[in-house]
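Written out below as structure tokens is the structure these notes cover.
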Amino acid sequence: MSGNNRSDNLISKNLSSVAHATDAFGEDGTLIVARPARYCNPIYFTVPEGYYALVTRFGAEVDKDNSPVWPSGINFKGPWYKVSHLVTKQSFVFNTSIQECKTKDNVSCTIDIALVMRVRGEDPSIHEGDDPMYVRKFVHEVTAHGLAQQIRDAEAEAVRKLTRSVYHTEVFGLRSVSGAELASTINPAISGVDGSEVPLGSAVPVPLPSYESYDHVSPVDENARHNNEEPADDIHPFERKDLVGEHDAGDQLEAAFATERGSNVTDAMRARLNTQFMPQGIEILDVIIEKISLPQYIQQQMTKKTLVISQNAEQRMQHKFNMQELNQKEEVTTLLQTHDERKKEAIEDGNAMALVKKYELNLIKAEGRKIIADIQAENEINKGMIYVNGSYSVELIGLKSKMEVDRITLEAESKSEKGKTEANFNAKSIESKSELESANLIATGDKLVYSAHGKVAPMIRTLNNHLTKKKKLEVSSSLASNNNVIITGISGGDAANKMILADAALADSSNQQTSRSDMISEIAVASGKAKVRLV
């Protein structure tokens with residue numbers, strides 16, 4: 001194995017024991033066949049998992065159930081049985097580098113190829129076409145070193161034939177591609193896999209880009225137009241040219257041819273190698289083109305061409321960006337001016353609307369003040385009318401009263417003068433009548449007074465009751481403030497009430513020598529109804 005970890009060789013080597021097989025195969029990817037030594041155990045030997053094992057008895061290979069490959073596990077045999085060879089069941093990779101491959105235009109190139117392969121030693125019921133006998137054939141006839149040499153020779157022949165059929169500008173398209181990727185670019189058409197050169201006619205031409213002619217449209221847009229569908233994108237052909245750059249008209253077509261050729265050739269190479277090696281017990285699972293190298297000066301020329309294309313595209317995109325930036329700045333300026341104008345118009349409209357609303361509000365306030373003034377004036381008028389009517393009524397009643405008094409006075413004076421005159425004329429005769437009339441008048445006056453007293457009597461009684469209750473409250477307050485008085489009774493609250501009334505009645509007799517308690521006691525004893533006991 002080389003320093004870059006490439007498996008550019010296939011080897012076989014001896015092992016000290018089958019127990020070391022896993023480590024040996026895991027550390028060395030080029031190890032295909034191992035020859036382990038017999039472990040010193042007289043009754044059994046083991047076969048590790050993951051390997052085809054060949055067993056010998058006294059140096060001669062023996063079969064297990066009519067198969068040269070022994071199953072993994074422990075086998076109880078004598079010491080003359082041993083595992084002679086272990087062949088890996090894993091797929092292994094073999095890398096080769098084909099130098100100085102000439103292209104169609106005599107340019108040398110180097111192509112690195114990796115092969116993925118396996119030994120066909122499984123049981124036919126597990127893997128169709130396999131046979132355990134291939135393991136024995138591979139170990140004794142093919143060998144790991146012989147397989148590596150055969151693969152190098154077969155690969156060199158196929159790769160040199162492939163590169164000789166293409167130009168140096170097409171070699172980078174020689175690669176392994178998936179079916180989906182191949183179908184998305186070209187329509188592969190391979191008639192056989194016998195290793196013959198793929199004819200150029202088998203490739204389906206790829207349409208030129210849309211910008212090769214101003215009158216043409218891209219294939220995607222054309223297909224969408226035929227199918228009455230919208231294009232996959234809305235990029236203008238000129239804009240698409242800026243995005244992908246410029247290149248020769250045949251570059252894309254050559255790349256498509258090279259892609260188809262590379263994909264078909266890898267399949268053809270795998271089929272051709274399988275035709276050669278499957279009878280030897282080896283199956284090629286995959287052929288991978290890893291790396292393609294051209295001379296340095298050729299690569300520099302291609303790089304410069306790509307850089308020129310990129311620079312042109314960059315300049316166009318930069319110019320387009322500058323123009324777009326300028327347009328955007330102008331649009332922003334225009335939008336700002338438009339917004340400022342709209343803002344000013346909105347402010348003016350708002351001020352005008354606010355002024356109109358202010359005038360309307362002032363008008364409403366004026367109308368409100370007018371209504372308030374009218375209400376106040378009406379109230380003043382009504383109040384003045386009420387006052388005038390009241391004053392007039394009072395004066396009218398006063399005048400009527402005065403007129404009635406004057407009338408009565410005049411009548412009384414007239415009667416008095418008449419009486420005096422009559423009295424003077426006949427004093428004796430009418431003296432009795434005068435006295436009688438005087439008595440009647442006095443009786444009438446007393447009657448009026450008594451009548452007045454009768455009307456006032458309820459009020460006086462109410463006043464007396466009020467004064468009595470007030471006195472009671474004063475007595476209660478005095479008793480409540482006197483800590484030396486204790487009142488008890490045998491008949492509930494009646495005796496205490498009577499005692500309080502009696503004590504209140506005697507409260508004004510301040511000139512008496514005996515106390516009120518003594519007087520009340522004597523009165524109670526004298527009446528025989530003593531229900532109060534004073535302590």
Side-chain angles (χ1 to χ4, degrees), residues 1-3 5-95 115-127 129-152 277-285:
M1 181 179 293
S2 61
N5 200 25
R6 288 171 54 86
S7 301
D8 53 3
N9 194 14
L10 300 176
I11 64 172
S12 61
K13 68 177 181 179
N14 298 325
L15 299 179
S16 60
S17 173
V18 293
H20 300 153
T22 302
D23 295 337
F25 280 91
E27 294 172 357
D28 190 353
T30 63
L31 180 60
I32 305 301
V33 180
R35 296 178 294 274
R38 175 73 161 101
Y39 183 72
C40 296
N41 192 300
I43 61 174
Y44 70 90
F45 66 92
T46 59
V47 176
E49 184 69 40
Y51 304 96
Y52 302 115
L54 300 180
V55 179
T56 61
R57 177 177 179 273
F58 297 115
E61 290 185 354
V62 292
D63 295 343
K64 176 73 171 180
D65 298 331
N66 296 324
S67 174
V69 177
W70 286 58
S72 60
I74 187 171
N75 295 275
F76 293 95
K77 298 293 182 180
W80 48 87
Y81 285 87
K82 64 167 292 188
V83 178
S84 62
H85 296 85
L86 288 178
V87 181
T88 180
K89 290 183 178 181
Q90 296 180 346
S91 299
F92 50 92
V93 179
F94 181 73
N95 302 98
L115 298 181
V116 181
M117 62 190 79
R118 71 179 187 91
V119 179
R120 302 174 60 211
E122 292 289 346
D123 189 270
S125 61
I126 299 175
H127 199 289
D130 283 13
D131 190 347
M133 293 299 296
Y134 285 142
V135 178
R136 180 176 293 172
K137 185 175 182 179
F138 173 72
V139 170
H140 297 294
E141 298 179 12
V142 180
T143 72
H145 179 73
L147 175 63
Q149 188 61 42
Q150 290 184 58
I151 290 175
R152 289 192 192 97
F277 291 103
M278 286 184 74
Q280 303 180 38
I282 301 299
E283 181 182 4
I284 308 299
L285 301 177

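Given the structure is predicted, the values throughout are model-derived calculations rather than measurements.
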Indicate whether the side chain of Ser67 and that of Asp65 have a donor and an acceptor atom separated by less than 3.5 Å. no
Heavy-atom pair with the smallest gap, counting every atom of Ala24 and Lys13: CB-CE, 4.3 Å
Does any non-hydrogen side-chain atom of Arg120 lie less than 4.5 Å from one of Gln280? no
Once you round to the nearest 0.5 Å, how far does CD of Glu27 lie from NE2 of His20? 10.5 Å
Is there a side-chain contact between Leu115 and Asn95 in this structure, where contact means two heavy atoms from C-beta onward sitting under 4.5 Å apart? no
Within this structure, what is the CD1-OG1 distance for the pair Ile11 and Thr143, rounded to the nearest 0.5 Å? 12.5 Å
How long is the gap from OH on Tyr44 to CG on Asn75, to the nearest 0.5 Å? 11.5 Å
Crowding at CD, Gln90 (>12 non-hydrogen neighbours, <6.0 Å): no
When rounded to the nearest 0.5 angstrom, what is the spacing between CG in Leu147 and CZ in Arg152? 9.5 Å
Return yes when atom CD of Gln149 has more than 12 non-hydrogen atoms of other residues, nucleotides or ligands closer than 6.0 Å, and no otherwise. yes
Pick out which of Leu54, Val69, Val119 makes a side chain to side chain contact (heavy atoms under 4.5 Å, CB included) with Val87. Val119
Do the charged groups of Asp63 and Arg136 touch, with an N to O distance under 4.0 Å? yes
Closest non-hydrogen atom pair between Pro71 and Val47, with its separation: O-CB, 3.5 Å
For residues Gln150 and His145, is any side-chain donor paired with an opposing acceptor at under 3.5 Å? no
Compare all side-chain heavy atoms of Lys77 with those of Val55 and state whether any distance is below 4.5 angstrom. no
Classify the angle between the aromatic ring planes of Trp70 and Phe45 as parallel (below 30°), tilted (30 to 60°) or perpendicular (above 60°). tilted
Got a sec, which residues hit side-chain contact (heavy atoms from CB on, under 4.5 Å) with Ala19, two or more places apart in sequence or on another chain? Ser17
Minimum heavy-atom separation for Arg118 to Phe92, with atom names? CA-CE2, 4.0 Å
Less than 4.5 Å apart, any side-chain heavy atom of Pro68 and any of Met133? yes
Just by distance, no angles: are the side chains of Ser12 and Arg35 close enough, under 3.5 Å, to form a donor-acceptor pair? yes
Could you tell me which non-hydrogen atom of Leu15 sits nearest to which non-hydrogen atom of Ala34, and how far apart they are? CD1-CB, 3.5 Å
Mind checking the OH-CZ spacing from Tyr81 to Arg57? Nearest 0.5 Å is all I need. 4.5 Å
Just wondering, do Pro124 and Asp130 contact through their side chains at under 4.5 Å, heavy atoms? no
Quick one: does Met278's side chain get under 4.5 Å of Tyr134's, heavy atoms only? no
Contact summary for Gly121 and Val135, nearest pair of heavy atoms: CA-CG2, 3.5 Å
Give the intermediate values and the outcome of side-chain contact (heavy atoms from CB on, under 4.5 Å) for residues Phe277 and Ile151. CA-CA 9 Å; Phe277 291 103; Ile151 290 175; 3.8 Å; yes
Non-hydrogen side-chain atoms of Phe138 and Ile32 separated by less than 4.5 Å: yes
Sequence neighbours excluded, the answer for side-chain contact (heavy atoms from CB on, under 4.5 Å) partners of Lys82 is Arg38, Thr56
Please identify each residue that fulfils ring-ring contact (aromatic ring centres under 6.0 Å, His included) with Tyr51, with sequence neighbours left out. Phe25
Nearest heavy-atom pair of Leu86 and Ala53: which atoms, and what distance? CD2-CB, 3.8 Å
For the pair Thr88 and Tyr52, evaluate side-chain contact (heavy atoms from CB on, under 4.5 Å) and give the outcome as yes or no after the intermediate values. CA-CA 6 Å; Thr88 180; Tyr52 302 115; over 6 Å; no
Separation between CZ of Phe94 and OG1 of Thr30, rounded to the nearest 0.5 Å: 10.0 Å
